[in-house]
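The structure appears below as structure tokens.
Order of the sequence lines fixes the chain letters, A, B, ..., with proteins taken first and strands second; residue numbering starts at 1 for each chain. Here the structure is a predicted model, which is why all the values come from computation and not from measurement.
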2 protein chains.
Amino acid sequence: MSPGFPDTAPTPSPSAPRDRLLATASALFYAEGIHAVGVERLITQASVTRATFYRHFGGKEELVTAYVEAQDAALRAQYEEAAQLIDEPAGLLRALVGGISETVCGPGFRGCPFINAAAEYPDPATPVHRAVLAHRTWFRTVLLELLAAAGHSDPPWAARRLVMIRDGAMVGGYLGERDEVVTSLATVVDEVLGSGRTDMEAGPG
Amino acid sequence: MSPGFPDTAPTPSPSAPRDRLLATASALFYAEGIHAVGVERLITQASVTRATFYRHFGGKEELVTAYVEAQDAALRAQYEEAAQLIDEPAGLLRALVGGISETVCGPGFRGCPFINAAAEYPDPATPVHRAVLAHRTWFRTVLLELLAAAGHSDPPWAARRLVMIRDGAMVGGYLGERDEVVTSLATVVDEVLGSGRTDMEAGPG
DNA sequence: TCCTAGGGAGAACGATCGGTCTTTCTGCTT
DNA sequence: AAGCAGAAAGACCGATCGTTCTCCCTAGGA
């Protein structure tokens with residue numbers, strides 16, 4: 001741009017085609033299912049040519065994996081952001097499940113992208129399936145740590161319960177009544193947190 | 001049709017090809033996903049010709065619908081069978097969730113066929129999606145009736161909780177630790193049933 | 001006896017699948 | 001000024017998609 005700043009500039013377009021591709025893929029894969037979306041449609045909607053597609057991704061499955069990993073990264077970032085605003089573990093825990101409620105009630109919610117992806121990639125050896133499991137492991141670990149930090153009497157037990165109720169909320173929000181799911185979710189979280197008799201009484205604080 | 005026993009006999013082969021087709025489809029669709037299985041493979045493994053396939057089903061989607069409806073019918077039949085052996089609603093309720101535990105722990109469990117099918121058929125107008133919702137409505141209704149018959153103080157609330165925990169168990173049994181899921185499931189059922197303070201104290205009776 | 005419905009076998013349909021190729025043009029680095 | 005990486009544009013590949021077709025054979029009802 002000018003002398004003194006020879007660096008590669010603040011990436012005016014870091015790799016626009018790649019980003020467009022991933023964004024388009026995320027929207028289509030999530031809304032319609034992965035196997036239901038072909039490469040043709042992807043590159044057309046992303047305004048990208050075939051050659052460009054295969055220059056950035058080794059193939060469709062690699063793009064699918066990138067899609068799942070991007071969802072994972074987004075949730076991790078969302079959590080990190082919340083973690084910088086909230087100090088108490090119990091509050092962070094509630095913020096975490098609050099985010100789930102918002103997701104479920106948000107427009108265009110179509111189920112958990114990880115559960116849906118796993119439904120289409122049953123083989124555990126698949127990178128896609130592995131990415132799903134990796135996200136779930138991360139989520140469970142975060143719950144475990146927060147529960148322990150909050151002084152819960154039985155973090156493993158509580159984490160198991162919270163993971164199950166999260167999955168139930170995701171499925172129910174897609175194939176059932178969203179409002180009911182959200183209220184049930186909140187109630188269960190209060191119960192689980194309240195049952196670890198320490199400094200984590202229910203209530204938004 | 002004619003004197004004596006002109007009837008179509010006790011169906012020596014009611015429609016063997018059709019049954020083979022549906023059985024093969026059920027196994028493949030469940031194990032590998034629906035869009036991942038083509039007609040070619042279907043008819044080859046079922047030892048049926050293309051013409052025969054299209055004589056029995058209008059197309060692939062009709063077979064998929066039949067697959068989902070067959071799963072639904074099997075579960076309804078399983079429930080009816082249990083209902084004839086068990087009188088008390090509370091016991092029947094426990095048998096119902098006991099069946100879920102067995103399913104989750106059974107060999108080859110690959111998640112809930114209804115949840116998985118819905119992941120591949122997001123459009124609510126699709127017969128497949130509708131069949132999934134129909135099954136879920138039936139399940140919820142059964143829970144509701146059993147809870148009411150058992151004298152639970154808040155059947156709608158309890159039914160919601162049980163549906164959510166069922167979904168959580170199905171997902172967790174596929175993408176998590178099966179043993180943990182089953183024990184958590186049993187605990188939650190006890191809690192939910194026990195909270196309706198009437199004649200439904202926990203315990204297998 | 002005929003006759004016909006149902007199944008087996010397989011060719012063929014257009015469409016789309018995921019993937020590779022060549023060519024041209026632009027924009028940056030050297 | 002030269003050169004090169006990345007992207008646009010699009011032809012092209014074999015394979016498979018779901019679907020329809022013809023032909024033949026066999027078993028069961030009229």
Side-chain angles (χ1 to χ4, degrees), chain A residues 1-25 28-29 32-67 117 120-121 123 126-128, chain B residues 1-25 28-29 32-67 117 120-121 123 126-128:
Chain A
M1 285 241 175
S2 70
F5 283 90
D7 208 352
T8 56
T11 59
S13 67
S15 180
R18 206 198 120 102
D19 290 351
R20 259 179 291 152
L21 224 19
L22 189 51
T24 304
L28 290 182
F29 286 162
E32 306 186 19
I34 297 172
H35 288 320
V37 178
V39 173
E40 182 72 34
R41 218 138 73 78
L42 281 172
I43 63 177
T44 299
Q45 283 207 30
S47 298
V48 160
T49 59
R50 269 189 139 67
T52 304
F53 172 84
Y54 285 99
R55 203 176 295 123
H56 285 288
F57 301 95
K60 189 190 174 186
E61 185 163 316
E62 205 169 300
L63 175 61
V64 177
T65 307
Y67 152 66
E120 296 201 61
Y121 289 83
D123 186 354
T126 300
V128 179
Chain B
M1 283 230 178
S2 76
F5 283 88
D7 208 352
T8 55
T11 59
S13 67
S15 182
R18 206 198 119 101
D19 291 351
R20 258 180 291 152
L21 225 19
L22 189 51
T24 304
L28 290 181
F29 286 161
E32 307 186 18
I34 298 172
H35 288 319
V37 178
V39 173
E40 181 72 36
R41 219 138 72 79
L42 240 25
I43 63 177
T44 299
Q45 284 206 28
S47 298
V48 159
T49 58
R50 270 189 145 65
T52 304
F53 172 83
Y54 284 99
R55 206 175 290 125
H56 285 287
F57 300 95
K60 188 190 174 185
E61 184 164 318
E62 207 168 298
L63 175 62
V64 176
T65 307
Y67 151 65
E120 296 201 61
Y121 288 84
D123 185 354
T126 300
V128 179

Could you state the [atom1]-[atom2] distance from [X] to [N], rounded to the nearest angstrom?
{"X": "B:Glu40", "N": "C:dC17", "atom1": "CD", "atom2": "P", "value": "19 Å"}
{"X": "B:Arg20", "N": "C:dG8", "atom1": "CZ", "atom2": "P", "value": "6 Å"}
{"X": "B:Phe53", "N": "C:dG10", "atom1": "CZ", "atom2": "P", "value": "19 Å"}
{"X": "A:Ile43", "N": "C:dT20", "atom1": "CD1", "atom2": "P", "value": "13 Å"}
{"X": "A:Glu61", "N": "C:dG19", "atom1": "CD", "atom2": "C1'", "value": "14 Å"}
{"X": "B:Lys60", "N": "D:dC17", "atom1": "NZ", "atom2": "P", "value": "8 Å"}
{"X": "B:Arg18", "N": "C:dG7", "atom1": "CZ", "atom2": "C1'", "value": "16 Å"}
{"X": "A:Leu63", "N": "C:dG19", "atom1": "CG", "atom2": "C1'", "value": "14 Å"}

Does a distance-only test, which skips hydrogens and angles, find a donor-acceptor pair under 3.5 Å between the side chain of A:Arg50 and the base of C:dG19? yes
Looking only at side-chain N and O atoms, does [X] come under 4.0 Å of OP1 or OP2 in [N]?
{"X": "B:His56", "N": "C:dG7", "answer": "yes"}
{"X": "A:Tyr54", "N": "C:dT20", "answer": "no"}
{"X": "A:Thr52", "N": "D:dA8", "answer": "yes"}
{"X": "B:Arg55", "N": "C:dG7", "answer": "yes"}

B:Glu32 side chain to B:Val37 backbone, donor-acceptor under 3.5 Å: no
In terms of side-chain heavy atoms of A:Val39, which of D:dT19, C:dG10, C:dG18 is nearest? C:dG18
Just compare C:dG7, D:dT22, D:dA7 and give me whichever is closest to any side-chain atom of B:Ala51.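 Taking heavy atoms from C-beta onward, the closest nucleotide is D:dT22.
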Can you tell if the side chain of A:Thr126 reaches within under 4.5 Å of the side chain of A:Glu61, non-hydrogen atoms only?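 When only atoms from C-beta onward are counted, A:Glu61 and A:Thr126 do touch, with a gap below 4.5 Å.
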Any side-chain heavy-atom pair of B:Gln45 and B:Arg20 under 4.5 Å: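 A side-chain contact is absent here, since even the closest heavy-atom pair is not under 4.5 Å.
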How far apart are the closest heavy atoms of B:Leu42 and B:Leu63, and which atoms are they?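 What the structure gives for the nearest pair is CD2-CD2, 3.7 Å.
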Tell me whether the rings of B:Tyr67 and B:Phe29 are parallel (<30°), tilted (30 to 60°) or perpendicular (>60°).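 Rings of B:Tyr67 and B:Phe29: perpendicular, as their planes differ by over 60°.
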